Amino acid sequence: MAEEFEPRIVAFLCKWCSSAGADLAGVSRMEYPPNIIPIQVMCSGSVSPLYIFSALSHGADGVLVSGCHPGDCHYIKGNYYARRRLALVKKLLEYIGLEPQRFQMSWVSATEGIKFTQIVKDLVRELQPLGPQNKLRRKF
Amino acid sequence: MKRTGVFVCHCGINIAGTVDVKKVAAELAKHPGVVHAEDYVYMCSDPGQNLISKAIKEKKLDTVVVACCSPTLHETTFRNVAKIAGLNPYRCEIANIREQCSWVHRDRSKATQKAISITRSVVEKVRRNESLEDVSVPVTKRALVIGGGIAGIQASLDIANAGFEVILVERSPSIGGHMSQLSETFPTLDCSQCILTPKMVEVAKHPRIKLMTYSEVQEVSGFVGNFKVKILKKPTYVDPDKCTLCDECTKVCPIVVPNEFDMGLTGRRAIYIPFPQAIPATYTIDEKACPGMFDTAIACGKCADVCKPGAINFDMKPEVVEVDVGAIVVATGYDLYDKSMMAEYGYGKYPDVLDGLQFERLLSASGPTRGRILRPSDKKEPKEVVFIQCAGSRDPELHWPYCSKICCMYTAKHAMLYKHHVHDGQAYIFYIDIRSGGKNYEEFVHRAVEEDGVLYLRGKVSRVFEDNGKLIVWGVDTLTGKQIEIAADMVVLAMAIRPSKGTEELAKKLKIALDKDGFLAEAHPKLRPVESMTSGIFLAGAAQAPKDIPEAVGQASGAAAKAVAILSQERLFHSPTVARVLRNLCTGCAMCVNVCPYEAISLKEGKAVVNEILCEGCGTCSASCLRNAIQVKNLTPYHIQEMIRACLGG
Amino acid sequence: MEKIIQKSAFPQWLKSLQAFKIFLPKRASYGWELSSNHELQEIPEDYTYPVVPPKKLIFPQEEIFFEFEQNPEDGIKLKEILPEAEQQVIFGVRPCDGRAVKAMDLVFGGTYEDPYYWRRRRQTVLVGLACSQPPSENCFCLSVEGSPSSEEGLDILLTDLGDRYFVKAITEQGKSLLSAASSLFSEPGTRDREAREKIHLEAEKKIKRHLPSARELPERIKAIFDSDFWDEESLNCLRCGICTYLCPTCHCFDINDETKSLAPLKGRRVRTWDTCQFPDFTMHSSGHNPRPDRASRLRQRLSHKFLYFILLFDRFQCVGCGRCVTLCPVGIDIIEVLTRARNHGA
Amino acid sequence: MVSLEQLKEEVKKILSSGNIKYFIGYESLGSGWQVRPAFMRKPEEVDRLVWTPACFHNLVRFLHDEKRRRAREKNPDTRPVGLLVKGCDSRAINVLVQEKYIERKDVYLIGVSCELMGVIDEVKLKRHLPGLKPQKVLFGQKETIKVITDNDKEIEIEASEILADRCLECPANFPVVADIILGEKIKKNVTSPYQSISPYERMSVEERWSFWQGQFSRCLRCYACRSVCPMCYCDECVADSIAYAVTADTTADEKAQKIKWVERNPEPSENIFYHLVRAIHLAGRCVDCGECERVCPVEIPLRLLNKKLEKEARELFGYEVGFDASQPPLIACFRDNDPQDFIR
């Protein structure tokens with residue numbers, strides 16, 4: 001049953017905002033589903049499209065890339081490059097027929113623990129009805 | 001095959017309460033290449049640290065993963081442990097199973113599974129880490145302070161007194177900033193200029209401070225310890241050494257323009273000295289105003305005629321000075337939010353609607369009215385004055401969402417001083433809340449209410465309009481819910497504090513970030529409040545957020561201390577996790593050169609080359625490279641790929 | 001054994017072969033393919049030959065050798081994966097492709113028998129279809145000792161006589177395929193035999209392209225081995241894999257370990273097609289590449305087909321199907337190149 | 001109308017001047033209608049030169065080989081290489097210059113205007129002449145293509161009937177960079193530049209998936225698409241499973257750390273990964289010369305992928321490929337107001 005399906009989500013969190021935001025969620029003892037596995041990167045701008053394809057091909061049911069809000073990037077403009085690059089990735093994935101919910105992006109600042117919590121909840125809620133991601137997943 | 005050790009921390013019950021730490025250790029023990037895995041109640045405690053170093057030595061570990069709290073907390077701790085035990089610190093990594101796992105989940109088995117995945121992926125990462133040595137650079141033992149307000153002055157003095165050269169750059173002809181415009185300062189009511197001018201003089205006289213007024217930072221390159229700064233010296237057309245301050249020139253100058261020092265309440269000549277105690281004490285010709293300057297049709301030159309010492313020199317040219325500094329303090333201060341944005345309060349339409357700084361000038365003994373409170377319109381003494389707080393602040397819909405912080409206090413001060421001048425007058429203050437956190441602040445507000453009978457009305461003013469000579473103020477008292485209408489003689493708006501004009505351009509030159517409201521962004525809201533995100537550049541005063549004088553001064557000293565901490569080093573060390581180019585893959589397409597925020601990458605012989613000192617290791621270059629030819633050490637695509645596989649169990 | 005089967009009876013013949021997985025020509029967006037789709041009941045009139053030759057049904061592009069798994073307790077365990085033994089009949093194999101399979105047998109057989117190859121090969125029955133028209137304008141089978149009606153490598157050869165097929169069972173396997181449904185087959189009359197003869201002869205006449213005295217090539221290639229001839233000829237080459245992947249006789253492969261998980265270490269060893277036309281084919285881990293450029297790779301391809309293979313097996317490793325000529329995106333024409341090679345310096 | 005004679009003259013001129021190393025054009029392939037790239041060194045070779053609607057090859061791709069050759073040779077001949085370029089090819093030159101793969105001075109470009117024509121699509125041609133074998137395919141009078149068939153019939157076909165999709169959707173029918181340009185610059189108005197992808201955009205996610213899955217599962221990974229692509233000049237593709245761009249200074253670690261993003265087996269997951277990577281790496285770089293699609297032996301409509309990203313780049317970021325060699329590459333720049341409605 002779709003309700004019981006537990007999607008596995010790989011989240012690339014930038015060190016300075018989103019990972020710190022996730023830490024804040026922890027410090028504030030907020031609760032969110034454990035379906036998300038964080039991978040800390042220095043900046044959302046360092047997330048190559050290959051990482052997203054790779055996560056999907058290795059069986060992630062969803063991928064999240066989260067960085068600092070525009071203007072807040074610790075590295076001044078990394079998130080602007082990420083925004084442009086990953087917009088194309090998203091369009092491409094949808095174009096070949098991957099459900100839009102499978103790959104998402106967010107801006108989460110170091111102070112937005114609540115927002116991070118909410119995003120994870122939403123993601124899981126949206127991915128559950130889709131069931132496992134088998135389109136790009138390796139069969140072997 | 002690597003020999004990895006995994007150390008799982010209980011953090012008391014913080015982790016162990018939700019995550020089955022024993023299981024995590026047991027599972028990881030099965031992970032190929034993991035030769036040691038144990039759990040302990042507090043890894044960061046001395047015994048915990050000893051466990052780790054003991055294991056490193058006895059089990060000959062070459063890589064270490066500590067599964068515990070966020071790396072922002074104990075990464076340094078454990079990397080030092082590794083270092084002391086003889087491992088390269090970059091062979092130790094942290095798996096965050098507290099903030100991002102145990103604290104945010106309840107289901108024990110799921111949380112445990114997640115903790116295992118996280119730790120596995122970090123094990124796969126650390127196994128691919130290389131031993132790195134920090135990058136070292138020499139330091140230029142000189143500081144640049146941008147902005148000559150109280151914050152800039154304080155920072156300059158502190159750095160100079162610590163024994164280092166300082167270059168203090170100020171855009172306007174004199175240092176002193178807004179503080180020099182104030183009448184008295186809360187909560188002590190001592191005269192602002194009386195406490196400021198001694199510091200200004202100290203700056204002027206200080207052997208190690210080079211003062212550059214009427215100058216602007218044009219270009220900044222380089223990096224912490226080694227900045228190169230181009231400073232544009234605008235021509236004053238007056239030779240300060242010759243000028244005797246006789247003031248003959250202003251008497252003959254035919255041009256009158258609004259006096260920015262008096263916030264436009266008075267006029268000044270095209271040749272002027274901003275205020276009597278200005279530092280440097282000299283005159284300046286405002287080239288935009290002076291007819292003798294560019295429009296040769298009216299070659300005026302009257303000032304030159306009367307200047308006996310011949311200090312006036314129309315041929316002065318702008319000059320660009322290039323300086324090397326090791327640290328930079330940015331103290332560019334604030335401006336008031338443009339009142340014309342507040343049409344609802346009739347600003348611009350009615351001369352008797354003033355902003356805080358204008359009212360300060362009215363109060364100031366050296367001000368246009370010599371300290372008497374008179375309406376600009378008819379020079380009559382106002383009997384009913386309405387003060388409106390949060391004009392433009394705390395108003396996310398129309399203006400700015402943040403609190404400008406100092407308005408509560410200075411409005412109380414204004415009302416109080418008004419009463420001291422006009423005993424039979426009435427002062428009303430419209431407020432949302434009164435924020436008087438600060439030493440003796442609360443008492444100060446009470447004094448205004450109890451001793452001076454200032455009338456506080458909780459609520460917002462909807463509209464101000466004129467009705468036969470009176471300013472009609474419409475508002476609501478949200479406590480009583482009553483509509484209020486006051487026929488006032490004067491209205492004073494506590495306008496929102498904004499970063500001073502040009503802050504954004506400067507931030508771009510310095511490659512430092514702004515926050516969402518346009519103030520300079522600090523590196524960490526709590527733990528690194530005076531550092532910008534670019535190392536070697538520090539923040540002081542209202543440019544970072546609205547502040548009152550004591551805070552600005554405190555932050556300035558903090559920034560100065562940070563700068564001194566750098567200048568007192570012989571060499572600086574810089575994280576070695578920087579980008580590296582795989583030359584055989586690089587085709588020299590320069591995408592990385594284009595995207596690098598720090599201009600750390602250049603092309604040599606058709607291949608990208610990284611300046612390890614400039615590189616901050618953000619990795620934007622690596623994502624832009626179509627061939628993975630540029631990678632950040634210890635976080636290469638190879639690391640990420642293996643982390644992905646490990647955490648997905650694939 | 002020679003028989004006649006009416007085309008109308010063809011579907012029943014197929015039905016009688018339920019034990020087998022049956023492949024028949026099917027029109028695909030990009031040309032003809034061999035498909036096991038059950039709807040297929042006949043060999044279409046306008047069928048030429050499949051873009052991807054039948055080799056892929058015997059020598060698939062991906063072959064899993066074994067799976068491995070390591071766990072701390074009992075080290076590494078290996079599990080051999082032999083191809084599931086499924087009997088298959090391939091209809092519409094053109095004589096050239098039949099000869100190609102024969103050539104592959106030589107490669108994967110002999111002193112060492114490749115178990116994976118032979119497991120499939122032995123389960124495969126090749127039902128050839130003689131060419132009454134050359135399937136491509138670049139056919140040149142006659143020049144490489146083949147013919148539009150060659151029987152080599154085939155189990156059965158069909159010849160299209162319009163309303164009926166002339167069926168010649170060549171091997172025992174082939175014969176058994178007929179006996180399964182003997183009632184559908186009748187004895188051929190002389191009329192049928194003549195018709196067949198005629199078609200075979202005319203087909204040969206219709207072949208436009210020729211590579212005269214190909215047997216001289218080994219010597220010529222040796223002679224010009226080090227000349228700049230190959231540089232000139234390879235100027236257009238894109239170093240893609242079309243000519244080799246779609247060649248019915250090319251059989252080079254690569255072997256890779258694909259790890260599935262790291263803890264415990266799990267994975268499999270896989271054989272995939274590879275080609276001498278890819279620069280990494282001969283790449284040494286040292287960084288040295290004995291075939292650094294397109295010239296040496298083109299030379300290798302032709303030498304393998306027209307020199308080494310002859311030395312080894314006394315036959316060409318080219319069956320003249322012309323696919324590489326037709327499909328080369330930049331018009332590298334093996335017939336022209338070899339013709340020039342023969343004349344080069346001579 | 002491009003005059004072949006004039007074209008030959010120009011090529012002869014530049015070859016005899018000795019100012020170029022060699023010239024790459026087209027010559028007839030055998031006796032048929034098809035053509036192939038032709039390398040010419042001496043003026044007398046120029047008579048082979050042809051210019052027909054079958055000149056679809058993007059000759060810019062051969063600059064990769066030239067660059068590799070130069071890298072190998074001790075003291076290489078660094079004279080420019082002469083090239084015949086159509087509109088799309090010339091934009092490929094711009095991208096290579098933009099990415100510093102070549103310098104403008106490395107090439108001598110003779111541009112030809114496609115005017116209101118372009119190159120044909122072999123499949124459409126065959127479909128148009130059932131049973132007939134074309135012998136020659138030539139530019140006919142205004143917007144027609146003249147086909148001479150094996151039975152010496154001469155057929156005039158409306159160009160739009162058999163032109164390649166990419167030409168029908170191409171607004172830039174004139175070289176944007178060249179040393180000499182032959183043919184007229186005729187303004188061409190393309191009503192629906194993204195016609196070919198719109199049906200797929202209209203599909204539901206699942207429909208799109210089943211379409212692409214069907215296409216990708218056919219892929220043989222012969223890599224003809226990347227081999228023919230003027231932008232795929234990497235010595236080592238991220239899709240390659242072994243490190244072979246290895247030089248003396250390559251460390252053992254670098255070799256060991258070669259990432260297998262894509263396994264070599266042709267299972268759908270790997271094929272899709274390869275094509276995804278290729279598509280995303282061509283975003284803002286593909287000039288829509290359509291060669292990848294043309295050369296694919298199993299006719300996977302690869303152009304639809306690149307065209308989609310071309311469209312997005314234009315619509316989201318106002319980015320046009322290959323018109324300005326001095327602009328920063330698509331993913332190496334940004335605008336503060338780049339759309340972000342997809343970001344939470």
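Predicted model only: the values in this text are computed from it and were never measured. Throughout, protein chains are lettered first and strands after them, A, B, ... in sequence-line order, and every chain is numbered starting at 1.
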Undergrad: In the structure I gave you, are the side-chain heavy atoms of Leu88(A) and Leu330(D) within less than 4.5 Å of one another anywhere?
TA: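 Yes; the side chains approach each other to less than 4.5 Å.
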Undergrad: Inspect the contact between Glu112(A) and Arg344(D) and indicate whether a charged nitrogen and a carboxylate oxygen are less than 4.0 angstrom apart.
TA: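 No, no charged N to carboxylate O under 4.0 Å.
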Undergrad: So which part of Trp212(D) gets closer than 4.5 Å to some heavy atom of chain A, the side chain, the backbone, both or neither?
TA: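 Contact with chain A is through the side chain of Trp212(D) alone.
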Undergrad: Please report the shortest heavy-atom distance between Ile343(D) and Ser106(A), naming the atom on each side.
TA: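 Scanning both residues completely, I find the closest heavy atoms to be CG2-CA, 3.5 Å.
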Undergrad: Name the region of Lys260(D), side chain, backbone, both or neither, that has any atom closer than 4.5 Å to a heavy atom of chain A.
TA: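 Backbone only.
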Undergrad: First locate atom CD of Glu99(A), then atom CD of Glu206(D), and finally report the distance between them rounded to the nearest 0.5 Å.
TA: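 Here the interatomic distance stands at 5.5 Å.
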Undergrad: Between Asn271(D) and chain A, with a heavy-atom cut-off of 4.5 Å, which part of the residue counts as in contact: side chain, backbone, both or neither?
TA: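 Interface part for Asn271(D): neither.
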Undergrad: Tabulate, in ascending numerical order, the residues of residues 41-48 of chain A having at least one heavy atom closer than 4.5 Å to a heavy atom of chain D, or enter 'none'.
TA: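 Interface residues of residues 41-48 of chain A: none, nothing closer than 4.5 Å to chain D.
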Undergrad: Report yes if some heavy atom in the side chain of Val277(D) is under 4.5 Å from a heavy atom in the side chain of Phe53(A); otherwise report no.
TA: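 Of all side-chain heavy-atom pairs linking Phe53(A) with Val277(D), at least one is under 4.5 Å.
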Undergrad: Would you mind telling me which of Leu50(A), Leu136(A), Ile119(A) has the largest number of heavy-atom pairs within less than 4.5 Å of chain D?
TA: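 The candidate making the most pairs under 4.5 Å is Leu50(A).
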Undergrad: Picking from Lys135(A), Lys90(A), Lys139(A), Arg85(A), which has the most non-hydrogen pairs under 4.5 angstrom with chain D?
TA: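 Greatest number of close heavy-atom pairs with chain D: Lys135(A).
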Undergrad: For Ser57(A), is it the side chain, the backbone, both or neither that has a heavy atom under 4.5 Å from a heavy atom of chain D?
TA: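 The side chain, not the backbone.
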Undergrad: Does Phe334(D) have Arg83(A) sitting over its ring (NZ/CZ under 6.0 Å from centre, angle to axis within 45°)?
TA: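 Checked: cation-pi criterion not met.
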Undergrad: Counting only non-hydrogen atoms closer than 4.5 Å, does Arg137(A) touch chain D with its backbone (N, CA, C, O), its side chain (CB onward), both, or neither?
TA: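 Interface part for Arg137(A): backbone (N, CA, C, O).
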Undergrad: Answer with side chain, backbone, both or neither: which region of Ile52(A) has an atom nearer than 4.5 Å to a non-hydrogen atom of chain D?
TA: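 For Ile52(A), neither part sits under 4.5 Å from chain D.
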Undergrad: Quick one: CZ on Phe273(D) to CZ on Arg138(A), what's the gap to the nearest 0.5 Å?
TA: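 So the CZ of Phe273(D) and the CZ of Arg138(A) are separated by 7.5 Å.
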Undergrad: Output the distance between atom CD1 (Ile272(D)) and atom CD1 (Ile96(A)), rounded to the nearest 0.5 Å.
TA: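 Ile272(D) CD1 to Ile96(A) CD1: 5.5 Å, rounded to 0.5 Å.
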Undergrad: Working to the nearest 0.5 angstrom, can you tell me the gap between Gln340(D) CD and His69(A) NE2?
TA: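 Here the interatomic distance stands at 9.5 Å.
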Undergrad: Picking from Asp338(D), Asn265(D), Ile197(D), which has the most non-hydrogen pairs under 4.5 angstrom with chain A?
TA: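 Ranked by contacts with chain A, first place is Asp338(D).
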Undergrad: Let me know if Pro339(D) has heavy atoms under 4.5 Å from chain A in its side chain, its backbone, both or neither.
TA: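 Looking at Pro339(D), just its backbone touches chain A.
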Undergrad: Got a second to check how far Ile280(D)'s CD1 is from Leu93(A)'s CG, nearest 0.5 Å?
TA: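 The CG atom of Leu93(A) is 7.5 Å from CD1 of Ile280(D), to the nearest 0.5 Å.
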Undergrad: Name the member of Ala283(D), Pro268(D), Ser269(D), Ala279(D) that forms the most heavy-atom pairs with chain A at distances under 4.5 Å.
TA: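 Heavy-atom pair counts peak at Ser269(D).
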Undergrad: Which distance, rounded to the nearest 0.5 Å, do you find between the OH of Tyr95(A) and the CZ of Phe211(D)?
TA: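 CZ of Phe211(D) is found 7.5 Å from OH of Tyr95(A).
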Undergrad: Glu263(D) versus chain A, heavy atoms under 4.5 Å apart: side chain, backbone, both or neither?
TA: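 Both parts, backbone and side chain.
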Undergrad: With a 4.5 angstrom heavy-atom cut-off, could you sort out which part of Ile259(D) is near chain A: side chain, backbone, both or neither?
TA: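 Nothing of Ile259(D), per the 4.5 Å heavy-atom cut-off to chain A.
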Undergrad: So which residue, Met105(A), Gln118(A), Lys77(A), ends up with the most heavy-atom pairs under 4.5 Å with chain D?
TA: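 The answer is Met105(A).
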Undergrad: Can you give me the closest heavy-atom contact between Ala332(D) and Tyr81(A), atom names plus distance?
TA: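 Result for this residue pair: C-CE2, 3.6 Å.
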Undergrad: In chain order, what residues pass the disulfide bond (SG atoms under 2.5 Å apart) check against Cys14(A), with sequence neighbours excluded?
TA: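 Disulfide bond (SG atoms under 2.5 Å apart) list for Cys14(A), sorted by chain: empty.
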